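Take a look at the structure set out below.
What you see is a predicted model; the values in this text were computed from it and never measured. Residue numbers begin at 1 in each chain, while the letters A, B, ... track the order of the sequences.
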Amino acid sequence: MSDSKKRSKSSKEDTPKENPYLAHLPPSERLVGGASSAKNSYGLAANHPLANFVMGATTAEQGEAAEEGETNPFTGKPFSDKYRKILAGRRKLPVNKHRKEFLDLVQNNQVVILVGETGSGKTTQIPQFMVFDDLPAFKGKKIACTQPRRLAAMSVAQRVAEEMDVVMGQEVGYNIRFEDCTSERTMLQYMTDGMLLREAMNDPLLTRYSAVILDEAHDRTLSTDILMGLMKEIIKKRPDLKVVVMSATLDAGKFQKYFDDAPLMSVPGRTFPVEIYYTPEPESDYLEAAIFTALQIHRTEDAGDILLFLTGEEEIEDACRKIKAEADQMPDAGPIKVYPLYSTLPPQAQKRIYDDAPPPRTPGGRPGRKVVVSTNLAETSLTIDGIVYVIDPGFSKQKVYNPRIRVESLLVSPISKASAQQRSGRAGRTRPGKCFRLYTENAFMKELIETTYPEILRSNLGTVVLQLKKLGIDDLVHFDFMDPPAPETLMRALELLNYLGALDDDGNMTPLGSIMADFPVDPQLAKMLITSPQYGCSNEIMTIVSLLNVPLVFMRPPDQRKMADEAKAQFSHPDGDHLTLLNVYHAYKTSGEDQKWCYDNFCNYRTLKSADNVRTQLKRYMERADLDLVSLPFDERPKGPYYTGIRKALCAGYFMQVAHQERSGNYLTVKDNQVVRLHPSSCLDHASEWVIYNEFVLTNQNYIRTVSEVRAEWLLDIAPNYFDLESFPNCEGKRVLEKLIMRRKSSSNRERDDDDEDERRKSRKSDRGDRDRKESKRRR
DNA sequence: GAGCACTGC
């Protein structure tokens with residue numbers, strides 16, 4: 001009843017609608033009067049390029065004819081010359097030969113798996129094939145194509161807008177965090193997978209879309225994995241929704257199986273052959289071997305640039321120096337340029353990898369060469385043309401999660417076969433190349449795992465579980481994960497969310513949890529934001545949370561450490577690193593967000609700018625949740641009520657990340673009893689008995705980083721459930737808390753804490769930054 | 001007295 005009402009209403013809006021009573025017929029026969037009169041349903045003139053198109057039943061020839069016509073069917077404007085030139089190139093892409101096969105599959109199946117190598121053109125062409133068949137614009141819907149990375153979503157959208165001869169943001173657009181470049185007219189939308197997931201939290205059936213294309217599914221990011229599980233649920237309730245999952249070839253069968261044996265289409269790529277060389281014996285020192293190999297290639301091989309994969313910044317900078325120094329000593333080799341590449345490198349420095357190799361010293365002499373030494377960044381996110389030689393030592397830094405101690409850390413680990421193949425492929429982008437694997441062939445065959453473990457098996461799942469609950473998935477244990485996470489990891493997440501009050505004791509989402517899920521930050525930080533008005537300091541907590549969500553603000557160039565540390569000292573707050581962050585932000589805003597100020601003070605301008613972006617977004621969410629944006633009257637004294645309020649609010653999110661200083665001077669984490677040390681970058685002196693920390697850094701030592709001093713009383717008040725001493729292991733901290741509880745019980749007329757006393761003392765306002773600086777100087 | 005693979009909302 002209501003269904004038919006809706007349909008009759010929308011037909012007035014000139015959108016073609018199928019007759020619901022004809023749903024048993026094949027799509028081409030569903031439109032009233034059959035295909036021949038379909039043009040009337042669309043309200044298109046008889047000479048319109050799409051006049052004879054039947055939604056979901058077009059042919060490849062029809063699509064191609066429309067693309068080769070005079071008029072752009074979606075804008076009504078004549079096609080440009082540039083368009084025709086691009087179109088000729090598009091027709092040569094491998095995927096173009098499979099247009100008919102693809103349309104057959106997608107018209108007759110709800111889910112299609114498509115595997116394509118790099119260079120097949122799948123990311124740009126498949127969505128366009130669908131636009132011409134599904135005709136989303138005529139039903140008030142859109143086609144979504146998700147990408148794991150923002151840059152990819154943006155650049156592919158730009159490319160496809162050109163290919164379709166439309167203005168970016170109109171018919172074709174993209175939607176990523178902080179930037180929605182779409183409009184009412186948008187029918188094809190590239191977006192990050194995280195963005196689509198967030199949309200699903202408010203629109204669980206994704207009603208705005210007629211088709212969803214999940215691209216780069218082999219990447220297996222947290223968001224892609226959740227989206228895939230979600231799509232399986234949604235297609236049951238939305239028979240009209242088409243889903244295409246696109247992936248690299250290696251584990252295509254797994255995707256097919258997961259989607260109940262959906263049909264699979266395979267498209268070859270367009271790359272050049274790469275010869276693989278293995279070492280006869282295992283290398284004991286991969287770094288040394290890598291440098292040696294690079295120099296060897298430089299001395300003996302033909303012209304062509306080198307790409308060397310290493311694991312991290314320090315290693316990369318070190319290798320760059322050594323390669324440069326040694327190569328410059330070689331009399332019989334050409335000139336060399338060596339560039340590092342990792343994500344935290346400023347964009348300017350990153351761009352240098354595209355510079356041309358230096359020319360030979362003398363005409364006809366040994367070739368000059370470019371060497372790029374990179375992290376995994378060059379494995380997928382970034383492509384460098386002209387690479388002919390790849391050196392793959394077989395390692396990368398990978399995130400691992402240990403649910404027992406609830407710690408995520410980065411570990412240098414062997415890569416997978418899939419990664420190794422991806423790396424070697426980078427040598428064959430422009431011509432045949434060579435890849436030197438610094439491990440034995442036997443190790444490749446027998447020791448490397450097939451594919452890198454998906455992120456969902458290597459992460460703390462707090463956010464994931466909260467998101468799933470918000471998506472309406474109650475039974476997590478039976479949720480159809482492509483790779484189910486360890487039960488212990490799920491348990492840890494449920495436990496965390498329960499202590500934070502996001503889930504009740506039965507595991508159901510609370511109203512608080514529902515608001516928490518809306519915030520694009522960790523559950524702990526979301527809780528902190530939501531609770532902060534109660535402590536009168538939501539303005540300050542928004543700032544702190546923003547800064548915790550961007551890379552480190554403080555720069556420390558190796559040759560200027562002393563000056564950098566002095567600059568940082570101006571901002572340091574005796575009560576901890578969180579308040580130090582607040583000081584930096586305040587000083588940055590006071591400077592007028594000045595780039596030079598940042599440079600002079602060893603602060604990362606880009607980071608502060610992006611933190612400010614995050615803050616604006618958080619503010620919007622706070623307002624949407626009707627949370628007050630407030631500050632306490634300013635009081636410059638450390639441990640005064642102003643700063644105390646903030647530190648109490650920090651506890652509301654971080655009460656599970658507490659460490660207590662033992663008499664030995666060591667810190668022990670609460671409940672887990674891990675021995676930790678304050679990270680040397682902390683501005684906190686070593687006399688604080690109780691501290692909360694943002695991050696547990698597992699390296700040679702266990703460090704806690706971004707630390708603030710708190711008081712045991714606050715912890716007991718804020719999280720009585722968590723600080724239930726019966727569940728505590730024996731340690732000094734437990735005894736201190738026991739005494740505290742006893743004292744509280746015995747004194748019926750409990751003495752007020754010192755800080756409460758402070759709170760009663762009204763203090764006059766004064767310049768915050770100035771006072772803080774004086775205060776920190778005095779302490780020094 | 002040390003380090004941060006890479007993404008994303």
- request: Answer with base, sugar-phosphate or nothing: what part of the nucleic acid does A:Val697 contact at a heavy-atom distance below 4.0 Å?
  value: sugar-phosphate
statement: Rounded to whole Å, the CZ-P distance (A:Arg556 to B:dG1) equals 13 Å
message: Need one value for A:Leu377: base, sugar-phosphate or nothing, where a base atom within 4.0 Å counts as base even if backbone is also close, heavy atoms only.
response: sugar-phosphate
- prompt: Distance check: side-chain N/O of A:Arg561 vs OP1/OP2 of B:dG1, anything under 4.0 Å?
  reply: no
field: Test of ring centre spacing under 6.0 Å for A:Tyr286 and A:Phe395
entry: yes
query: Starting at the 5' end of DNA chain B, which residue's closest nucleotide do you reach first, A:Phe519 or A:Lys399?
result: A:Lys399
message: Classify A:Thr311 by what it touches in the nucleic acid, base, sugar-phosphate, or nothing, heavy-atom distance under 4.0 Å.
response: sugar-phosphate
task: With heavy atoms under 4.0 Å as the rule, sort A:Leu552 into base, sugar-phosphate or nothing.
output: base
field: Nearest-Å distance for atom pair CD/P, residues A:Glu314 and B:dC4
entry: 10 Å
- prompt: Checking A:Arg423 against A:Phe309: charged group under 6.0 Å from the ring centre and within 45 degrees of the axis?
  reply: yes
task: Assign A:Glu313 to base, sugar-phosphate, or nothing according to its heavy-atom contacts below 4.0 angstrom with the strands shown.
output: base
task: Can you see which heavy atom on A:Leu684 is nearest to which on A:Val691, and at what distance?
output: CD2-CG1, 3.6 Å
task: State whether A:Phe444 and A:Arg437 meet the cation-pi test: NZ (Lys) or CZ (Arg) under 6.0 Å from the six-membered ring centroid, and within 45° of the perpendicular axis.
output: yes
message: Output the rounded distance in Å from OH (A:Tyr342) to P (B:dC6).
response: 10 Å
field: Nearest listed nucleotide, side chain of A:Thr192, among B:dG1, B:dG8, B:dC4
entry: B:dG8
message: Please give me the minimum heavy-atom distance between A:Ile391 and A:Ala290, naming the atom from each residue.
response: CD1-O, 4.1 Å
- prompt: Looking at the side chain of A:Asp565, which of B:dG3, B:dT7, B:dA2 is the nearest nucleotide?
  reply: B:dA2
- request: Rounded off to whole Å, could you give me the NZ-to-C1' distance for the A:Lys397 and B:dT7 pair?
  value: 16 Å
field: Whole-Å distance separating the CD atom of A:Glu179 from the C1' atom of B:dG8
entry: 15 Å
query: Which is it for A:Ser708 and A:His578 under the side chain to side chain donor-acceptor pair (under 3.5 Å) test, yes or no, and what are the steps along the way?
result: CA-CA 6 Å; A:Ser708 282; A:His578 297 90; 2.7 Å; yes
- prompt: Between A:His218 (NE2) and B:dT7 (C1'), how many Å, whole number?
  reply: 13 Å
- line: By nearest-heavy-atom nucleotide on DNA chain B, the more 5' of A:Asn549 and A:Gly312 is A:Gly312
message: Mind checking if A:Ser396 touches a base, just sugar-phosphate, or nothing, with heavy atoms under 4.0 Å?
response: nothing
field: Sugar-phosphate only, base, or nothing, as touched by A:Arg458 at under 4.0 Å among non-hydrogen atoms
entry: nothing
message: Looking at A:Thr344, I'd like to know whether one of its side-chain N or O atoms comes within less than 4.0 Å of OP1 or OP2 on B:dC4.
response: no
- prompt: What nucleic acid atoms does A:Arg149 come within less than 4.0 Å of, heavy atoms only: base, sugar-phosphate, or nothing?
  reply: sugar-phosphate
field: Protein-nucleotide distance (A:Asn613, atom CG; B:dC9, atom C1'), rounded to Å
entry: 13 Å
query: Base, sugar-phosphate, or nothing for A:Arg220, non-hydrogen atoms under 4.0 angstrom?
result: nothing
- line: Separation of B:dC9 atom P from A:Phe178 atom CZ, nearest Å, is 8 Å
